[in-house]
Undergrad: 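Mind looking over this structure? Questions follow.
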Amino acid sequence: MNRITGALVIIAAVALDQVSKYWVETGLPLQEPVPLLPMLSLFRTYNTGIAFSFLSGLDDVALIALTLAISGFILYLWFRSQPHQHLARLGYALVLGGAIGNLIDRVRLGHVVDFILFHTQSWSFAVFNFADSFITIGAMVIILDEVLESLRHRRKEGGA
């Protein structure tokens, strides 16, 4: 994946995240579940921390600085990745798109808008948004690329 394609992935991720959050903010009641499927509801809530409300005790400036630092590190890894590492580059773009989407919320609103809720009658997963999904999927793709790179390297050493 070249840098232009990666930038387009980032832009698409941020756009989808922000459009969905706008729709949620203007169309869903606060903290009232709206069932979609037996195990899936929309549930507008606000996260003052980062993933799973972790670090919710930190102020916005610290969380913004942390997000920018992590995003800078992801950019560094992306630029250091090899041209053949298409999966890793896709993963980095998804992580950056998700981080930017949540960063926009934090700067603009002072919190992140979450609204996707998986649940049963006796259990529920943390409420999340598309940006969180992009970050998670991106991280999984980066890990997959690392595993595949390791296997390729071992195969190359064994066959040499």
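Starting from 1, each residue takes its place in the sequence as its number.
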Undergrad: Are Y22 and L28 connected into the same hydrophobic cluster when the rule is that any two of I, L, V, M, F, W, Y join if their side-chain heavy atoms are below 4.5 Å apart?
TA: no

Undergrad: What pair of heavy atoms forms the shortest contact from A131 to G98, and how long is it?
TA: CB-O, 3.3 Å

Undergrad: I137 and side chain to side chain contact (heavy atoms under 4.5 Å, CB included): which partner among V95, L94, I142?
TA: L94

Undergrad: Is there a path of hydrophobic side-chain contacts, each under 4.5 Å between heavy atoms, that joins L75 and L66?
TA: yes

Undergrad: Taking all non-hydrogen atoms of both residues, which atom of S41 and which atom of H119 are closest, and how far apart?
TA: OG-NE2, 2.8 Å

Undergrad: Does any part of the side chain of F125, heavy atoms only, come nearer than 4.5 Å to the side chain of I116, both counted from C-beta?
TA: no

Undergrad: As an exercise, state the distance from CD1 of I104 to CG of D17, rounded to the nearest 0.5 Å.
TA: 7.5 Å

Undergrad: Give a yes or no on whether the backbone of L63 and the side-chain of T67 come within a donor-acceptor separation of less than 3.5 Å.
TA: yes

Undergrad: What is the distance from atom CD1 of I74 to atom CG of L96, rounded to the nearest 0.5 Å?
TA: 6.5 Å

Undergrad: Please report the C-alpha distance between Y92 and F73 in whole Å, then the side-chain angles of each, then the deciding distance to 0.1 Å, and finally whether the ring-ring contact (aromatic ring centres under 6.0 Å, His included) criterion is met.
TA: CA-CA 10 Å; Y92 296 139; F73 181 66; 9.0 Å; no

Undergrad: Okay, side chain of D105, backbone of N102: is any donor-acceptor separation there less than 3.5 Å?
TA: no

Undergrad: Do M140 and V9 share a hydrophobic cluster, counting only Ile, Leu, Val, Met, Phe, Trp and Tyr and linking them when any side-chain heavy atoms are less than 4.5 Å apart?
TA: no

Undergrad: Can you tell me if L37 has over 12 outside heavy atoms packed within less than 6.0 Å of its CG?
TA: yes

Undergrad: Quick one: CZ on F134 to CG on D132, what's the gap to the nearest 0.5 Å?
TA: 10.5 Å

Undergrad: Report yes if the side chains of T136 and F128 come closer than 4.5 Å at any heavy-atom pair, otherwise no.
TA: no

Undergrad: Under the side-chain contact (heavy atoms from CB on, under 4.5 Å) criterion, do F115 and K21 qualify, and how do the steps go?
TA: CA-CA 8 Å; F115 60 92; K21 289 173 179 174; 4.2 Å; yes

Undergrad: If we ignore hydrogens and angles and just use 3.5 Å, is the side chain of S124 paired with the main-chain N or O of T120 as donor and acceptor?
TA: no

Undergrad: With a 6.0 Å cut-off (strictly less than), is the heavy-atom count around CD of Q121, excluding the residue itself, greater than 12?
TA: no

Undergrad: Show, in sequence, the C-alpha distance, side-chain angles and deciding distance for Y46 and V113, and conclude whether the side-chain contact (heavy atoms from CB on, under 4.5 Å) test is met.
TA: CA-CA 5 Å; Y46 301 139; V113 177; 4.0 Å; yes

Undergrad: Is the F43-F118 ring centre distance short of 6.0 angstrom?
TA: no

Undergrad: Out of curiosity, T5 OG1 to R3 CZ, how far, rounded to the nearest 0.5 Å?
TA: 12.0 Å

Undergrad: Using a strict cut-off of less than 4.0 Å between a Lys/Arg side-chain nitrogen and an Asp/Glu carboxylate oxygen, indicate whether R154 and E157 qualify as a salt bridge.
TA: no

Undergrad: Pick one: which of V34, V127, V24 meets side chain to side chain contact (heavy atoms under 4.5 Å, CB included) with R44?
TA: V24

Undergrad: Can you give me the closest heavy-atom contact between A13 and G97, atom names plus distance?
TA: CB-CA, 4.0 Å

Undergrad: Could you give the distance from CD1 (I135) to CD1 (I100), rounded to the nearest 0.5 Å?
TA: 10.0 Å

Undergrad: Is there a continuous path of hydrophobic side-chain contacts, each under 4.5 Å between heavy atoms, that joins M39 to L42?
TA: no

Undergrad: Could you measure the distance from the CG atom of N129 to the CD atom of Q18? Nearest 0.5 Å is fine.
TA: 9.0 Å

Undergrad: Is the backbone of S81 close enough, under 3.5 Å, to the side chain of R89 for a donor and an acceptor to pair up by distance?
TA: yes

Undergrad: Among D114, V112, L117, which residue satisfies the side chain to side chain contact (heavy atoms under 4.5 Å, CB included) criterion with T45?
TA: D114

Undergrad: Is V107 reachable from L68 through a run of I, L, V, M, F, W or Y residues, each pair having side-chain heavy atoms under 4.5 Å apart?
TA: yes

Undergrad: Do R80 and Q85 make a side-chain contact, defined as non-hydrogen atoms from C-beta onward lying under 4.5 Å apart?
TA: no

Undergrad: Give a yes or no answer on whether the side chain of H86 reaches the backbone of M1 with a donor-acceptor pair at less than 3.5 Å.
TA: yes

